[in-house]
Amino acid sequence: MDPFTAADYEYMSRALRLARRGVYTAHPNPRVGCVLVKGGDIIGEGWHRKTGEAHAEAAALKDAGANAKGATAYVTLEPCSHQGKTPPCADALIAAGVALVVAAMVDPNASVSGAGHSALEDAGIPVRTGLLHDEAAALNQGFLSRMQRGRPFVRLKIAASLDGRTAMANGESQWITGDAARDDVQRFRASSGAVMVGIGTVLADDPSLTVRRDDIDNDGLQPLRVVLDSHLKMPAAARLLGLPGATAVFCADDDNRSALEAAGASVHVVAGRDDGVDLTAVFEKLADLEINDVLAEAGPTLAGSMLASGLVDELVIYLAPHIMGSETRGMFTTPDWQKIDQRSNLEIVDIRKIGADLRITARPHR
């Protein structure tokens, strides 16, 4: 029997909608919303907007004022119990005298998981957990990945023709998809902590890798630009080095390190693998840099390496309604798979039309 009422679902759904307001600005912190309810009325609500600013619970308590005493707090993540850039939210709820806390999920950080709920219960405040857990987890899949797996959630984006081609034989690829699809990619960029490309993309396209939509409320934040460049071939005059935001270059040898650092890049030396960099080491370092989500806008070589290494959590493939022909470049350069059981099996979780193109979202079977 479901222990939660229809009203409980309504209030937690509202808290989740508030949490989504931080999708472009809260990282590396989780996206959290809080609703305070008393006598069947919402008396306060809040959401975490940006690192260093008030957490959702503190914002909701400020909204409610003295009326928070005796209220029920619906929060999408276990209230924090440790002192960070802001005071512990569990302590704030205790001080405000709330009567009950309903949390969607516990904190995935093993070092503090359950501590917030324990503090509340020790203060005599009952805690109920699990309401709309899956929805709350999906909203913070990158934060959960970093806390539980020690690496970011990795999304691989590919733009291709209907016959699965990503560029002409000479490398020409602008533009395969339409304006609506390219605008859609900007939302993925804005919600990611980092955008990743290989050195081949930098040398061929000289991309900016920035968020370029005025209607995205990202507070001017830009994702970390990540370039995988095993032998540091990237020119110091590359466009992305002169743009707002930070650029990190991962390499296996650092002969050209000083020139790139002088141009504003941070250079990270990791182990080499198959004439490239060790992708697992790259993602572990990005987790150390507090990156929750990575959007990889990869060419076929990097895309194939990521897929074969089992490091792709989700594929977002935009298919344009045209045929580019056989003498063109494909989506993936993979190992020499000889048998059908070597294929990479996917589960399609969403298909929708974006302008004239199709967007297919798929996840590898684990």
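It should be emphasised that the depicted structure is a prediction, and the values quoted were computed from it without experimental measurement.
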Presence of salt bridge, [Y] and [X], under 4.0 angstrom:
{"X": "R21", "Y": "D217", "value": "no"}
{"X": "D293", "Y": "R155", "value": "no"}
{"X": "D215", "Y": "R213", "value": "yes"}
{"X": "D179", "Y": "R182", "value": "yes"}
{"X": "R14", "Y": "E10", "value": "no"}

* **Derivation and outcome, side-chain hydrogen bond (donor to acceptor under 3.5 Å, both in side chains), residues S13 and R17** => CA-CA 6 Å; S13 294; R17 289 195 297 272; 5.0 Å; no

Between [X] and [Y], which heavy-atom pair has the shortest distance, and what is it?
{"X": "C89", "Y": "E57", "answer": "SG-OE1, 3.4 Å"}
{"X": "K38", "Y": "K69", "answer": "NZ-O, 2.7 Å"}
{"X": "T76", "Y": "A19", "answer": "OG1-CB, 4.2 Å"}
{"X": "S309", "Y": "L279", "answer": "OG-CD1, 4.3 Å"}
{"X": "R257", "Y": "V269", "answer": "NH1-CG2, 3.6 Å"}
{"X": "A194", "Y": "I291", "answer": "CB-CG2, 3.8 Å"}

Would you say [Y] ends up clustered with [X] if hydrophobic residues are merged whenever their side chains have heavy atoms under 4.5 Å apart, either directly or through other cluster members?
{"X": "L240", "Y": "V195", "value": "yes"}
{"X": "I158", "Y": "Y318", "value": "no"}
{"X": "L132", "Y": "M105", "value": "no"}
{"X": "V185", "Y": "I176", "value": "no"}
{"X": "L144", "Y": "V312", "value": "no"}

So how far is it from [X] [atom1] to [Y] [atom2], rounded to the nearest 0.5 Å?
{"X": "M306", "Y": "T301", "atom1": "CE", "atom2": "OG1", "answer": "13.0 Å"}
{"X": "H365", "Y": "S344", "atom1": "NE2", "atom2": "OG", "answer": "9.5 Å"}
{"X": "N218", "Y": "Q186", "atom1": "CG", "atom2": "CD", "answer": "10.0 Å"}
{"X": "I43", "Y": "L36", "atom1": "CD1", "atom2": "CG", "answer": "5.5 Å"}
{"X": "E53", "Y": "H55", "atom1": "CD", "atom2": "NE2", "answer": "10.5 Å"}
{"X": "E327", "Y": "N170", "atom1": "CD", "atom2": "CG", "answer": "12.5 Å"}

Please answer whether the main-chain N or O of [Y] pairs with a side-chain N or O of [X] as donor and acceptor at a distance below 3.5 Å.
{"X": "E314", "Y": "T361", "value": "no"}
{"X": "D278", "Y": "R273", "value": "no"}
{"X": "R146", "Y": "R151", "value": "no"}
{"X": "S191", "Y": "R187", "value": "yes"}
{"X": "H322", "Y": "L162", "value": "no"}
{"X": "E78", "Y": "V106", "value": "no"}
{"X": "D229", "Y": "M234", "value": "yes"}
{"X": "S192", "Y": "F188", "value": "yes"}
{"X": "R20", "Y": "L139", "value": "no"}
{"X": "N140", "Y": "F143", "value": "no"}

So, [X] versus [Y]: side-chain donor-acceptor pair below 3.5 Å or not?
{"X": "Q338", "Y": "D336", "value": "yes"}
{"X": "Y24", "Y": "D219", "value": "no"}
{"X": "R165", "Y": "S161", "value": "no"}

Close side-chain approach of [X] to [Y], heavy-atom, < 4.5 Å:
{"X": "L203", "Y": "P235", "result": "yes"}
{"X": "V249", "Y": "L232", "result": "yes"}
{"X": "R189", "Y": "L209", "result": "yes"}
{"X": "R128", "Y": "P3", "result": "yes"}
{"X": "H133", "Y": "L131", "result": "no"}
{"X": "N292", "Y": "P152", "result": "no"}
{"X": "V37", "Y": "D41", "result": "no"}
{"X": "L311", "Y": "T280", "result": "yes"}

* Start with the C-alpha distance between L156 and V316, add both sets of side-chain angles, then the distance that settles side-chain contact (heavy atoms from CB on, under 4.5 Å), and finish with yes or no. => CA-CA 6 Å; L156 174 60; V316 178; over 6 Å; no

* Taking it one step at a time, do D357 and R359 satisfy salt bridge (charged side-chain N to carboxylate O under 4.0 Å, His left out)? -> CA-CA 7 Å; D357 306 312; R359 188 186 75 193; over 6 Å; no

* For R363, does the CZ atom have more than 12 heavy-atom neighbours from other residues, nucleotides or ligands under 6.0 Å away? -> yes

* Asked: Hey, what's the ring geometry for H268 with F250, parallel, tilted or perpendicular (30° and 60° as the breaks)?
  -> parallel

* Asked: With a distance cut-off below 6.0 Å to the six-membered ring centre and an angular limit of 45° from the axis, does R31 pair with W47 as a cation-pi contact?
  -> no

* To do: Apply the test side-chain contact (heavy atoms from CB on, under 4.5 Å) to residues V197 and L228: give CA-CA distance (whole Å), side-chain angles for both, the deciding distance (0.1 Å), then the verdict.
  => CA-CA 6 Å; V197 297; L228 305 186; over 6 Å; no

* To do: Run the numbers on D183 and R212 for salt bridge (charged side-chain N to carboxylate O under 4.0 Å, His left out), then give the verdict.
  => CA-CA 9 Å; D183 284 347; R212 301 186 300 275; over 6 Å; no

* Give the intermediate values and the outcome of side-chain contact (heavy atoms from CB on, under 4.5 Å) for residues L16 and L18. => CA-CA 5 Å; L16 284 166; L18 290 168; over 6 Å; no

* To do: Run through V101, D91, L100 and flag the one making a side chain to side chain contact (heavy atoms under 4.5 Å, CB included) with L120.
  => V101

* Asked: Would L315 and L346 satisfy side-chain contact (heavy atoms from CB on, under 4.5 Å), going step by step from the backbone distance to the final call?
  -> CA-CA 9 Å; L315 294 94; L346 307 175; 3.8 Å; yes

